[in-house]
S.K.: 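Below: one structure in structure tokens.
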Amino acid sequence: MEQYERVAEADRIQIFDTTLRDGEQSPGIALNTAEKVEIAQQLARLGVDVIEAGFPITSPGDFEAVQAISRTVEGPVIAGLARTHKADIDAAWNAVKDAARPRIHTFISTSDIHIIHQLQTDREDVKGQAKAAVAHARTYCEDVEFSPMDATRAEVEFTAEVCAIAVAEGASVINIPDTVGYTTPSEYADFFARLYELAPELRQVRMSVHCHDDLGLAVANSFAGVLAGARQVECAINGIGERAGNCSLEEIVMLLRTRRDAHGLDTTINTVELARTSRMVSRATGYPVQPNKAIVGRNAFAHESGIHQDGVLKERATYEIMDARDVGYDSNQIVLGKHSGRHALKDALEQLGFKVEGNALNQAFKRFKEIADKKKQVTSLDLEAIVSDEMREQGQRYDLAWFEVEAGSDRAPQARVGVTLPDGSVAVGEHSGDGPIDSVFSAIQDATETECELREYSVSAVTAGDDALGETTVMLRAFGRLASGQGVSTDIIEASARAYIRALSNALDGAAIREAEAVAAEALASPTPRP
Ligand code: KIV
Ligand code: ZN
């Protein structure tokens with residue numbers, strides 16, 4: 001693996017990860033505190049500079065998660081998002097104040113379209129709110145970031161004026177959001193150039209890019225912003241985020257690393273953790289990664305054409321611009337056999353970054369033994385899949401207790417399932433359906449007395465080989481919420497039942513969070529906008 005010299009600080013691009021804030025705003029994603037902490041720990045291993053852990057005013061759940069991350073995750077700056085309202089900034093501060101390096105990130109729109117229609121105010125008021133918000137945030141914290149939302153559709157002169165006010169009040173980072181993914185690389189670079197002309201003080205602070213992918217340009221625009229002077233990129237793992245998502249962290253990082261020869265810029269991301277972080281986020285969010293996704297897709301380093309395969313066998317550089325090992329594609333290396341003991345499992349999990357002890361270790365060991373009986377070898381990818389599956393089960397409202405399915409080519413499938421309910425009792429459901437999986441899903445609805453609408457269902461294999469673990473993803477609508485879940489097993493029906501029950505639990509959690517959000521929003525004078 002090639003070793004990279006660290007670039008000079010002036011050429012180092014800081015990575016601000018917003019997977020847990022903007023990313024979590026994707027439809028159907030509702031992570032609980034434990035999952036957010038687990039992802040934040042992995043982001044710290046990946047070496048991101050800043051974790052935007054959430055938007056604390058929006059719900060007690062968001063507040064709790066940001067606070068838990070601030071208290072437990074070491075290394076990165078931990079940021080909490082806030083509108084310019086005093087209550088938002090107070091909540092953000094209370095959530096991040098226990099972090100070793102806290103940041104408050106406050107924002108207000110500078111585009112007329114937002115000022116007139118959403119905020120229903122005028123430019124003078126926006127200036128006043130930006131000034132007061134940054135000043136208030138600075139009474140708590142030295143590290144304050146300010147974002148003029150929808151900047152790329154705003155008048156550059158006005159945006160420069162508002163940013164200059166934020167700098168005068170003590171903001172140390174100014175972020176220029178392309179909130180609706182509207183700009184183009186040259187336009188965004190010109191916008192930065194004009195901002196520097198109009199407000200030269202912006203050269204004294206760290207400028208940042210935040211680009212959405214509505215036109216598929218988030219990475220290109222972020223890169224253009226960086227070439228124009230920005231030294232922080234806001235991005236999310238697997239590019240998740242509002243609508244079409246954010247700039248994909250893995251893509252911008254590998255673009256900077258791979259073409260460092262051309263621009264001299266780089267990050268300090270530990271790129272070998274990219275593939276694992278991507279898998280973890282995909283599992284927790286239920287958002288699968290498309291096979292041809294750059295850097296982390298299953299086929300990102302696969303060669304199909306004979307000519308390409310031939311070339312790579314002779315010399316990898318003929319058709320590969322990156323080494324798969326540099327992004328962590330060799331994580332199949334740990335292999336446990338069926339006779340491996342608890343100690344070997346614990347060791348292997350530690351090498352993979354999981355600290356599993358006590359009951360969780362017992363449970364993981366039980367799952368490992370079940371799988372080791374069915375598979376020839378248990379690899380790192382299998383371990384990661386089962387441990388994530390076990391960890392997700394903690395605190396889940398519903399659980400799969402058992403299931404039975406009878407099916408055949410000449411009989412209608414019939415399923416019976418036992419589901420552990422939130423009160424600990426086991427309810428039994430029974431149903432037939434179009435196939436064994438459909439029958440199990442209907443039997444779960446029967447047992448839980450819920451009505452769910454299945455939106456998406458997919459199955460993939462964790463590793464190659466005919467004894468591979470199956471991993472299923474379910475997205476459904478229940479309790480008025482869209483939610484997803486994943487399940488892992490050597491038995492595809494069991495994996496499907498687990499995923500379905502997990503999605504149902506997430507929908508129930510999401511409904512509870514929405515109720516709390518509604519109460520919090522009502523307590524504030526104005527509704528909480530989702531940026
Ligand atoms: O897209 C956006 O404008 C945002 C801001 C809060 C930075 O997410
Ligand atoms: Zn955004």
Side-chain angles (χ1 to χ4, degrees), residues 14-27 29 50-58 62 66 77 79-85 88-89 91-92 95-96 103-115 117-119 126 129-130 133-134 137 143-154 158-159 162-163 166 171-183 188 191-192 195 205-219 221-222 225 230 232-249 252 526-531:
Q14 293 204 355
I15 294 296
F16 174 116
D17 179 276
T18 188
T19 306
L20 297 174
R21 199 279 297 167
D22 213 319
E24 219 242 352
Q25 287 175 208
S26 315
I29 299 184
V50 185
I51 294 175
E52 186 166 53
F55 192 172
I57 190 80
T58 56
D62 234 57
V66 177
V77 167
L81 186 65
R83 292 172 299 181
T84 46
H85 299 216
D88 279 43
I89 292 167
V96 298
R103 175 180 294 180
I104 298 174
H105 176 192
T106 184
F107 69 96
I108 189 163
S109 299
T110 54
S111 71
D112 286 332
I113 194 162
H114 279 205
I115 296 174
H117 300 289
Q118 186 178 19
L119 300 174
V126 166
Q129 286 200 44
V134 175
D143 190 352
V144 173
E145 171 169 340
F146 173 75
S147 291
M149 186 153 93
D150 203 21
T152 53
R153 290 194 302 165
F158 178 62
T159 303
V162 177
C163 291
S172 43
V173 181
I174 299 289
N175 176 46
I176 306 298
D178 181 30
T179 303
V180 291
Y182 180 71
T183 199
Y188 199 43
F191 199 86
F192 269 84
L195 285 176
V205 296
R206 185 173 292 276
M207 294 295 284
S208 165
V209 292
H210 178 111
C211 299
H212 281 268
D213 208 30
D214 299 66
L215 293 173
L217 289 173
V219 175
N221 287 336
S222 302
Q232 173 179 282
V233 176
E234 302 200 355
C235 46
I237 298 293
N238 299 337
I240 60 171
E242 202 54 69
R243 305 180 311 279
N246 283 85
C247 169
S248 141
L249 183 148
I252 190 75
S526 60
T528 304
R530 283 307 204 173

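Indexing begins at 1, ligand by ligand and atom by atom, following the structure's order.
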S.K.: Would you say Asp22 has an N, O or S atom lying under 2.8 Å from the Zn ion (ligand 2)?
M.R.: yes

S.K.: Under 3.5 Å, is there a donor-acceptor pair between the side chain of Thr19 and the main chain of Ile237?
M.R.: yes

S.K.: Can you tell me how far the CZ atom of Arg21 sits from the CG atom of Asn246, to the nearest 0.5 Å?
M.R.: 7.5 Å

S.K.: Could you check whether any side-chain heavy atom of Gln129 comes within less than 4.5 Å of a side-chain heavy atom of Leu119, counting everything from C-beta outward?
M.R.: no

S.K.: List ligand 1 atoms under 4.0 Å from Thr179, heavy atoms only on the residue side.
M.R.: 1 (O), 2 (C), 3 (O)

S.K.: Just heavy atoms, cut-off under 4.0 Å: does Arg21 contact ligand 1 by side chain, backbone, both, or neither?
M.R.: side chain

S.K.: side-chain contact (heavy atoms from CB on, under 4.5 Å) with Thr183: which residues, sequence neighbours excluded?
M.R.: Thr152, Asp178, Glu187, Tyr188, Asn221

S.K.: Decide whether Asn175 and Ser147 meet the rule of one side-chain donor and one side-chain acceptor closer than 3.5 Å.
M.R.: yes

S.K.: Are Val66 and Phe55 close enough that some pair of their side-chain heavy atoms sits under 4.5 Å apart?
M.R.: no

S.K.: If you define the side chain from C-beta out and look only at heavy atoms, does anything of Arg153 sit under 4.5 Å from His114?
M.R.: yes

S.K.: Please state the angle at the Zn ion (ligand 2) spanned by NE2 of His210 and NE2 of His212: what is it, rounded to 10 degrees?
M.R.: 100°

S.K.: Against heavy atoms of Asn175, which atoms of ligand 1 measure under 4.0 Å?
M.R.: 7 (C)

S.K.: Any idea which atoms of ligand 1 are less than 4.0 Å away from a heavy-atom of Met149?
M.R.: 3 (O)

S.K.: Could you tell me which atoms of ligand 1, counted from 1 in the order shown, lie closer than 4.0 angstrom to a heavy atom of Asp22?
M.R.: 8 (O)

S.K.: Test your reading of the structure: does His210 have an N or O sitting under 3.5 Å from an N or O of ligand 1?
M.R.: yes

S.K.: His212 to ligand 1: N or O pair under 3.5 Å?
M.R.: yes

